[in-house]
Amino acid sequence: MATDPSNLPIDDLTEAQAASELARLAAEMAEHDKRYHKDDAPVVSDAEYDALKARNTAIEAKFPPLIRDDSPSHKVGAAPSSGFTKVQHSVSMLSLGNVFDESDVADFFARIRRFLGLDDSDPVEVIAEPKIDGLGFSARYENGRFIVGATRGDGQVGEDITANLKTIQDMPDMLMGPASDVPKVIEVRGEVFMTKPNFQALNSAQEEKGAKVFANPRNAAAGSLRQLDPEITKSRPLTLFAYAWGEAEPLDWDSQQAYFDRLKAWGFSTNPLTRLCTSVEDVLEAYAEISEQRASLPYDIDGVVYKVNRLDWQQRLGFVSRAPRWATAHKFPAEQAQTVLEKIDIQVGRTGSLTPVARLTPVNVGGVVVSNATLHNEDEIERKDIREGDTIIIQRAGDVIPQVVQVLEDKRPKNSKAFAYPSTCPICGSLAVREDGEAVRRCTGGLICPAQAVERLKHFVSRNTFDIEGLGAKNIETFFEDGTIKNPVDIFTLENRDADPDNLTPLKNREGWGKTSADNLFSAINEKRTIGLDRFLFALGIRQIGQATARLLAQAYGSLSSLRTALTAAQDRESDAYADLLNIESVGAAVAEDLLGFFAEAHNQEVLDGLARELTIEDFDAPDTDSSPIAGKTVVFTGTLETMSRNEAKTGAQALGAKVAGSVSAKTDLVVAGPGAGSKLKKAEDLGVEVKTEQEYLTLIGKT
Ligand code: IVH
């Protein structure tokens, strides 16, 4: 009989035994994690758990090639997100756009000037402050008292980490200052992080205990903050800077700078390197200064954030998609390293795109071990003549996937051959074609291609779509392979099918499952049977329909049934319905083709019918338009506008629930015409559409 490797010292393990040990440890620890976090019923002591973890880490250190994808050491922090209560942010927590060089910074300023209609001579004040590489938080205070704290999550919904935030010394329990200076409601936002010295000390202590060692201060902060047990958070040295706000009542500061003063008065730390700039040159100087200090700062930063100082301007500038137009992040340049490209794999995405991925000899790049890099596409491989076996320079910047910057040709092996890009799908064997003008080669297998079907399913359940907990990538793959879930409808019929007496393999009897975990999955699915139309459309995974476009479509059509009716009509490219579709912002002819193609497909219609039966798809909830006189109306702006730029007029009208179209038709409700209006004004008059001057329009929407 073979020896049980679980009793062997690590130094005596053969490679095969090590692999089987890592598999056993991964499975065993996953079970303990689940018992601890989900069922609140651990069956081992912390010390026993730590010993398993230490054994896993030690085996991995000795046999790095055997490290598993599901290795317990990959998990950031012990707590899976499912352990936390969700918190809906009353004001979304946004992300930031990026600029990378001087000309991008100049463009950022130019865009602001253009949008606000400023002259070149008008100064634009901008705050420059370090971008902290930590975790965003939002802390809500009511009448000065800390009530609830949350992570950023997906920007709309975060996790309730109130108890954990309360353990951080820098987080005031009560806002300081006279009552008159403390708002009724204020959500203070900022970044929680761990300093470099504290990170080193924590890792040494962890190592001594044989516990998890963190890859960088950011992971250490994340792992410490997202603990179900606040006592653990309390024992970890976390720090924070505050820099933004969510809901504020009353909002009685008029600039970013004035807000920083308020933050300090309330008892928050703000970043001391923050500085007020008045020109592109000034901002670039601040960037250079902060870059210079980067290495000697006691905390990690990954760039510099620029924010328009004046609050009235911030409000006018507003947002594009999920990022403010009034702020941006100037990222530090990437870090580089040399390694060997062992193999080029081709992955097939949810829309059939073939994507080359470089598998690398693992290498440390600025503190992170990198073993994969993106190769973008076929042309990139050809242009750089990237071959398997090549020694290459890779670089990584922030969280983006590392890239290949250069091939070191003098190190190329003698027998090396140029990479032959496949012309068939590596998964289903269908022809993979590249259309004229397209960079990407695509598998033509459609839904017969298992790779596409699986990727679509993964997208369907992912965080920004249906967000079904417990139905991660691995489970989707297994369920797809064994036929349990073949399309999105199957997810919602799973529980009934599973309970069918003729079903010979109910989930609870399958390997890795039990009654509790099966029931947990069913309830996680049932929790998500109601969804907003915009999220639903994004979930369908239609090519070119991202979050922003899905939202615009939802806004334009309101309900799934009107959208389907309209798109059926729009299949006729001569119809008004088609013209209306093209009138939606960000929908051009190419996007329209992908959308109409999807809705024309019989198979997709079946899926839509099935989903409509299983789900409650909520009509699009137009933004606060109760008192809006233009909600639901189609407005066209033409001619020169005097108090606002065209773009500002458009986003303002959209925020009031209007659709803004580029051309006048019988469906137009209102034309706002400035001086110089030509054919559109004439057409409006011909069609009898209501026409207003800019001033009349401003009066209508209550802006004068
Ligand atoms: S301002 C609307 N300022 O960067 C503006 N963000 O990419 C909201 N971050 O999720 C963000 N340092 O967690 C701002 N000084 C700083 C920041 C900062 C780090 C993070 C923040 C946000 C992410 C955006």
Side-chain angles (χ1 to χ4, degrees), residues 87 89-100 104 108 112 126-139 149-159 161 165 170 187-195 216-219 221-222 225-226 238-248 251 253 255-257 259-260 263-264 268-277 283 286-287 289-291 293-294 297-311 313-332 397-400 463-464:
V87 178
H89 297 302
S90 52
V91 174
S92 324
M93 286 184 82
L94 300 150
S95 52
L96 289 170
N98 293 320
V99 293
F100 292 97
D104 292 349
F108 171 68
I112 290 168
V126 165
I127 295 276
E129 61 183 279
K131 183 166 190 298
I132 314 297
D133 197 7
L135 277 106
F137 72 88
S138 181
T151 59
R152 177 170 180 274
D154 64 0
Q156 315 294 325
V157 178
E159 288 162 354
I161 50 162
L165 286 175
D170 291 358
E187 285 173 1
V188 173
R189 293 179 173 177
E191 205 83 357
V192 172
F193 60 96
M194 193 177 284
T195 63
N216 53 45
R218 189 185 181 282
N219 284 3
L225 194 59
R226 296 177 69 254
L238 295 169
T239 316
L240 61 85
F241 284 129
Y243 52 67
W245 66 89
E247 193 177 333
L251 203 174
W253 47 91
S255 69
Q256 194 70 36
Q257 203 171 33
Y259 179 64
F260 282 125
L263 281 172
K264 282 182 244 176
F268 281 98
S269 342
T270 58
N271 193 293
L273 303 179
T274 302
R275 107 172 203 199
L276 185 67
C277 305
V283 156
Y287 174 82
E289 260 172 35
I290 293 173
S291 310
Q293 298 185 57
R294 181 183 185 189
L297 289 176
Y299 47 86
D300 279 342
I301 62 175
D302 54 356
V304 179
V305 180
Y306 305 140
K307 300 172 186 168
V308 168
N309 192 35
R310 273 176 60 164
L311 199 58
W313 284 359
Q314 287 190 5
Q315 281 158 349
R316 278 178 60 192
L317 286 158
F319 306 90
V320 215
S321 197
R322 297 160 74 85
R325 224 182 248 108
W326 48 266
T328 194
H330 191 167
K331 290 288 191 67
F332 292 132
D399 283 344
V400 300
R463 194 155 158 178
N464 290 325

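All ligand and atom numbering here is 1-based and tracks the order in the structure. Here the structure is a predicted model, which is why all the values come from computation and not from measurement.
- Residue, atom and distance of the protein heavy atom nearest to atom 12 (N) of ligand 1 are Ile132 N, 3.0 Å.
- Residue Pro130 places a heavy atom under 4.0 Å from ligand 1.
- Nearest-residue assignment for atom 2 (C) of ligand 1 (options Pro324, Gly190, Ala128, Ala329; heavy-atom criterion): Pro324.
- When only interatomic distances are considered, the shortest N/O to N/O separation between Ser95 and ligand 1 does not fall below 3.5 Å.
- The proximity of Arg152 to ligand 1, defined as any non-hydrogen pair under 4.0 Å, is limited to the side chain.
- With sequence neighbours excluded, the residues that form a side chain to side chain donor-acceptor pair (under 3.5 Å) with Lys307 are Glu129.
- Residue-to-ligand polar distances keep Ala327 apart from ligand 1: every N/O pair is separated by 3.5 Å or more.
- Both the backbone and the side chain of Leu96 come within 4.0 Å of ligand 1, judged by heavy-atom distances.
- Distance check: Asn309 CG to Trp326 CH2 gives 11.0 Å after rounding to the nearest 0.5 Å.
- Tyr243 is not listed as a side-chain neighbour of Asn271, based on a closest heavy-atom distance of 4.5 Å or more.
- Checked by distance only, ligand 1 and Trp326 stay at 3.5 Å or farther apart across all their nitrogen or oxygen atoms.
- The shortest contact between atom 15 (N) of ligand 1 and any protein heavy atom is with Glu129 OE1, 2.8 Å.
- Between atom 3 (N) of ligand 1 and the options Lys131, Lys307, Met93, the minimum heavy-atom separation is to Lys307.
- In this structure, Trp313 has no ring-ring contact (aromatic ring centres under 6.0 Å, His included) partners at least two apart in sequence or on a different chain.
- Taking the six-membered ring where the residue is Trp, Tyr259 and Trp253 present tilted rings, their angle falling between 30° and 60°.
- A salt bridge links Asp133 and Arg218; the closest N-O separation between the charged side-chain nitrogens and carboxylate oxygens is under 4.0 Å.
- Atoms CG and CG, on Leu240 and Asp170 in that order, are 5.0 Å from each other to the nearest 0.5 Å.
- Summarising the contacts of atom 18 (C) of ligand 1 with Phe137, Tyr243, Phe241, the nearest heavy atom is found in Tyr243.
- Heavy-atom contacts of Gly136 reach the following atoms of ligand 1: 13 (O) (cutoff under 4.0 Å).
- The aromatic rings of Tyr287 and Phe332 sit tilted, their planes meeting at an angle between 30° and 60°.
- Counting heavy atoms from C-beta on, the side chains of Leu165 and Leu225 come closer than 4.5 Å.
- In this structure, the protein non-hydrogen atom closest to atom 20 (C) of ligand 1 is Glu191 OE1, 3.5 Å.
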